K.L.:
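Let me begin by handing over the structure; questions about it come next.
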Amino acid sequence: MPKDILISTSMLSADFARMGEEVEAIVEAGSDWLHWDVMDGHFTDPLTHGPLVLKAVRELTDRFFDTHLMITNPEKQIPLFVEAGADGISIHIEAADDPARLLDDIRKRGCKSCLTVNPPTPLDEIERLVEHCDIIMLMGVMPGYAGQPYGEHTSARISQVREVIDRQGLPTLIEVDGGINDATVAEAVAAGADVLVSASYVFKHPQGYAAALEALREIAASA
Ligand code: DX5
Ligand code: ZN
């Protein structure tokens with residue numbers, strides 16, 4: 001029996017001039033979650049959406065807003081994104097002095113807590129931090145841009161985190177962000193991923209958003 005896989009479409013590849021319509025189209029196409037790539041021009045070179053953008057489209061859907069904070073000093077922004085309607089908030093291990101405290105704060109504010117790890121960052125801290133996480137997100141690419149290739153060590157890292165979660169008997173989900181498409185989704189799921197983020201594959205699919213989501217789901221189901 002294949003497990004349920006969730007797809008979180010990243011709005012980073014949407015047409016920003018029509019963000020409201022894009023949100024409605026992605027919801028209509030059947031994305032489980034909507035992924036918001038928040039970049040600050042410091043932790044990552046680009047700058048993207050702030051809480052005002054989430055707040056502006058929040059009323060269009062009740063789908064889970066999966067908010068990926070690629071920013072330094074995330075503690076300052078967490079309350080603002082909660083207020084804007086985030087359902088899950090992800091902080092980077094590389095950007096937090098005390099990730100456990102921030103993850104607990106996210107939970108206390110009523111959101112799912114997610115810890116994100118960049119491809120070159122060692123995974124040793126996960127053992128200690130996993131109990132604070134509803135989700136652990138492994139980056140398949142360095143943060144900053146959509147459309148980069150899936151890193152060659154990503155699936156091995158998913159398996160490593162899967163082993164830690166299962167050994168501790170926790171319900172923590174594993175999310176994978178970056179490089180997910182019809183050629184990589186099977187190995188990510190086989191390695192133990194539960195949630196798949198996709199930006200460019202969904203938005204650039206020649207048959208449209210629903211066909212892209214359906215293709216990812218079908219391959220994931222048989223992985
Ligand atoms: C990268 C972002 C990813 C990215 C994924 O900084 O965190 O969410 O948009 O894009 P694709 O799916 O095109 O690799
Ligand atoms: Zn992301």
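Counting starts at 1 for both ligands and their atoms, following the listed order. Because the structure is predicted, anything quoted here is derived from the model rather than measured.
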K.L.:
Hey, which N, O or S atom on His68 ends up closest to the Zn ion (ligand 2)?
P.N.:
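In His68, the N, O or S atom with the shortest distance to the Zn ion (ligand 2) is ND1.
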
K.L.:
With atoms numbered from 1 as shown, which atoms in ligand 1 lie under 4.0 angstrom from a non-hydrogen atom of Leu12?
P.N.:
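Numbered from 1, ligand 1 contributes 9 (O).
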
K.L.:
Below 4.5 Å, heavy atoms only, C-beta onward: do Leu102 and Ile89 meet side chain to side chain?
P.N.:
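Sidechains of Ile89 and Leu102: no contact.
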
K.L.:
For Ser31 and Tyr209, does a side-chain donor sit closer than 3.5 Å to a side-chain acceptor?
P.N.:
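Judged by distance alone, the side chains do not pair up.
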
K.L.:
What about Ser200: any of its N or O atoms under 3.5 Å from an N or O on ligand 1?
P.N.:
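There is such a contact, yes.
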
K.L.:
Below 3.5 angstrom, do we get any N/O pair linking Ile180 and ligand 1?
P.N.:
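No: no nitrogen or oxygen of Ile180 is under 3.5 Å from one in ligand 1.
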
K.L.:
Would you say ligand 1 has an N or O under 3.5 Å from any N or O of His68?
P.N.:
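Between His68 and ligand 1 (N or O atoms, distance only) the closest approach is under 3.5 Å.
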
K.L.:
Taking distance alone, with no angle check, do Pro143 and ligand 1 share an N/O pair under 3.5 Å?
P.N.:
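In fact, backbone or side chain, Pro143 has no N or O that close.
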
K.L.:
Give the atoms of ligand 1, by number and element, whose distance to some non-hydrogen atom of Ser198 is under 4.0 Å.
P.N.:
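Per the distance check, 12 (O).
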
K.L.:
Heavy-atom contacts with Ala146 under 4.0 Å: which atoms of ligand 1 show up? List them by number with element.
P.N.:
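Once the distances to Ala146 are compared, the set is 9 (O), 10 (O), 13 (O).
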
K.L.:
Need the atom name: nearest N/O/S atom of Asp177 to the Zn ion (ligand 2).
P.N.:
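The closest N, O or S atom of Asp177 to the Zn ion (ligand 2) is OD2.
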
K.L.:
Starting from atom 14 (O) of ligand 1, find the nearest protein heavy-atom neighbour and note its residue, name and distance.
P.N.:
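Scanning the protein heavy atoms, the shortest distance from atom 14 (O) of ligand 1 goes to Gly179 N, 2.8 Å.
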
K.L.:
Between Asp194 and Ile174, is there a donor-acceptor pair closer than 3.5 Å when you use the side chain of the first and the backbone of the second?
P.N.:
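At least one qualifying donor-acceptor pair exists.
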
K.L.:
Taking all atoms of both residues into account, what is the closest heavy-atom pair of Val202 and Ala212, and its distance?
P.N.:
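Of all heavy-atom pairs spanning Val202 and Ala212, the closest is CA-CB, 3.7 Å.
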
K.L.:
I need the single residue from Asp4, Ile5, Ile7 that forms a side-chain contact (heavy atoms from CB on, under 4.5 Å) with Arg217. Which is it?
P.N.:
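Answer to the side-chain contact (heavy atoms from CB on, under 4.5 Å) test with Arg217 among Asp4, Ile5, Ile7: Ile7.
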
K.L.:
Which of the atoms of ligand 1 are close to His35, meaning less than 4.0 Å from one of its heavy atoms?
P.N.:
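By the 4.0 Å cutoff, the relevant atoms are 8 (O).
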
K.L.:
Could you tell me whether the side chain of Arg63 and the main chain of Val27 form a donor-acceptor pair under 3.5 Å?
P.N.:
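Yes.
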
K.L.:
Is Val161 close to Val130 at the side-chain level, that is, under 4.5 Å between some pair of heavy atoms?
P.N.:
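No, every pair of side-chain atoms sits at 4.5 Å or beyond.
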
K.L.:
Considering only NZ, NE, NH1 and NH2 on the basic side and carboxylate oxygens on the acidic side, decide whether Arg101 and Glu75 come within less than 4.0 Å.
P.N.:
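Judged by the 4.0 Å cut-off on N to carboxylate O distance, Arg101 and Glu75 do not form a salt bridge.
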
K.L.:
Looking at OG1 of Thr67 and CG of Leu54, how far apart are the two atoms once the value is rounded to the nearest 0.5 Å?
P.N.:
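It is 5.0 Å, given to the nearest 0.5 Å.
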
K.L.:
Hey, which atoms in ligand 1 end up nearer than 4.0 Å to a heavy atom of Met70?
P.N.:
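So the answer, numbered in order with elements, is 6 (O), 7 (O).
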
K.L.:
Supply the atom-to-atom distance Leu12 CG to His49 NE2, rounded to the nearest 0.5 angstrom.
P.N.:
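One gets 6.0 Å once the value is rounded to the nearest 0.5 Å.
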
K.L.:
Looking just at side-chain N and O atoms, do Asp37 and Ser10 make a donor-acceptor pair shorter than 3.5 Å?
P.N.:
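Yes - a donor-acceptor pair under 3.5 Å links their side chains.
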
K.L.:
What's the shortest distance from atom 8 (O) of ligand 1 to any protein heavy atom, and which residue and atom give it?
P.N.:
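Answer for atom 8 (O) of ligand 1: Asp177 OD1, 2.6 Å.
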
K.L.:
To make sure I understand the geometry: which N, O or S atom in Asp37 is closest to the Zn ion (ligand 2)?
P.N.:
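For Asp37, the N/O/S atom sitting closest to the Zn ion (ligand 2) is OD1.
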
K.L.:
Number the atoms of ligand 1 from 1 as they appear, then name those within less than 4.0 Å of a heavy atom of Met139, with their elements.
P.N.:
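That gives atoms 7 (O) of ligand 1.
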
K.L.:
So do Trp33 and Leu6 actually touch side chain to side chain, heavy atoms under 4.5 Å?
P.N.:
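Yes - at least one pair of side-chain heavy atoms lies under 4.5 Å apart.
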
K.L.:
Could you list which atoms of ligand 1 come closer than 4.0 Å to a heavy atom of Met39?
P.N.:
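Atoms satisfying the 4.0 Å criterion: 6 (O).
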
K.L.:
Could you check atom 12 (O) of ligand 1 against the protein and tell me its nearest heavy-atom contact, residue, atom and distance included?
P.N.:
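Atom 12 (O) of ligand 1 sits closest to the protein heavy atom Ala199 N, 2.8 Å.
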
K.L.:
Which ligand 1 atoms are under 4.0 Å away from a heavy-atom of Val197?
P.N.:
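Listed by number with element: 8 (O).
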
K.L.:
Is Gly144 close to ligand 1, meaning an N/O of one under 3.5 Å from an N/O of the other?
P.N.:
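By distance alone, the answer is yes.
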
K.L.:
Under 3.5 Å between any N/O of Met142 and any N/O of ligand 1: does that happen in this structure?
P.N.:
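Looking only at distances, the answer is no, because the N/O contact criterion of under 3.5 Å is not met.
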
K.L.:
Quick check: does Asp37 get an N/O under 3.5 Å from an N/O on ligand 1?
P.N.:
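Between Asp37 and ligand 1, an N or O pair is found under 3.5 Å apart.
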
K.L.:
Can a side-chain donor-acceptor contact be found between His68 and Asp66 if the only test is distance below 3.5 angstrom?
P.N.:
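No - no donor-acceptor pair under 3.5 Å links their side chains.
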
